[in-house]
Amino acid sequence: MIKVLFICLGNICRSPMAEAVFRDIVKEKGVEDKFVIDSAGLGDWHIGNPPHQGTRAKLDELNISYQGQKARQMQANDVNDFDYVIAMDQQNMDDLSQFSHQTSDVTVKKLMDFVNQPKEQNVPDPYFTKNFDYTYELVKEGCEQLFDYVSNKHDLGTK
Ligand code: 4NP
């Protein structure tokens, strides 16, 4: 199993969007059985809540499922349990540095690190910008290129 965890601050806007979009890509490629996909937030404000209305509206528009997704807070053990911990911005990366992962070979990177010539280094937070369309554009590009990276690395037999 390849275990991928998307991280943002609140786990209601960006990382649940990335979780749903990445799951949609994986499903479309027919390799669902090879992945565990999840998301979590660094903060605890929204634990148990569904994705933000703006994220839900965008995913509904595109017919991408977010069924069953509920916010949870990142746990120290997540860096041992997951192979990829994918952050949305540099602030997330700084916050993640508190979780030691010396004993695991987890890859901790920003989603935009997987994009060739990215428009942004960080995925803007639509909780503040209100621009869920632009965030989706970046998340989609990031998830597609993350999938290509992972599928090359693990030889999923999709090519
Ligand atoms: P997210 O956006 O990190 O993309 O889920 C946020 C959602 C809520 C808050 C901050 C960011 N908040 O401060 O409640």
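Each ligand, and each atom within it, is numbered from 1 in the order the structure gives. Note that the structure is a prediction, hence the values are computed from the model and not measured.
When only non-hydrogen protein atoms are considered, atom 12 (N) of ligand 1 lies nearest to Y127 CE2, 3.5 Å. The protein heavy atom nearest to atom 4 (O) of ligand 1 is R14 NE, 2.8 Å.
For ligand 1, one of its N or O atoms has an N or O atom of I12 under 3.5 Å away. Considering backbone and side-chain N/O atoms, W45 never comes within less than 3.5 Å of an N/O atom of ligand 1. Polar contact check, C8 against ligand 1: no nitrogen or oxygen pair lies under 3.5 Å apart.
For the residue pair V123 and R14, the shortest heavy atom distance occurs at O-NH1, 3.0 Å. When all heavy atoms of M74 and V79 are compared, the pair lying nearest together is CE-CG1, 3.8 Å. S65 approaches Q67 most closely through the heavy-atom pair OG-N, 3.2 Å. Taking each heavy atom of A71 and N11 in turn, the nearest pair found is CA-OD1, 3.1 Å.
Note: F147 and F35 have tilted aromatic rings, judged against thresholds of 30 and 60 degrees for the angle between ring planes.
When non-hydrogen atoms are compared, ligand 1 lies under 4.0 Å from the side chain of D125 (C-beta onward) but not from its backbone.
Checked by atom type, the side-chain pair D89/N92 shows a donor-acceptor distance below 3.5 Å.
Proximity of H46 to ligand 1 is established by a heavy-atom distance of less than 4.0 Å.
With ligand atoms numbered from 1 in the order given, ligand 1 contributes 1 (P), 2 (O), 4 (O), 5 (O) to contacts under 4.0 Å with heavy atoms of C13.
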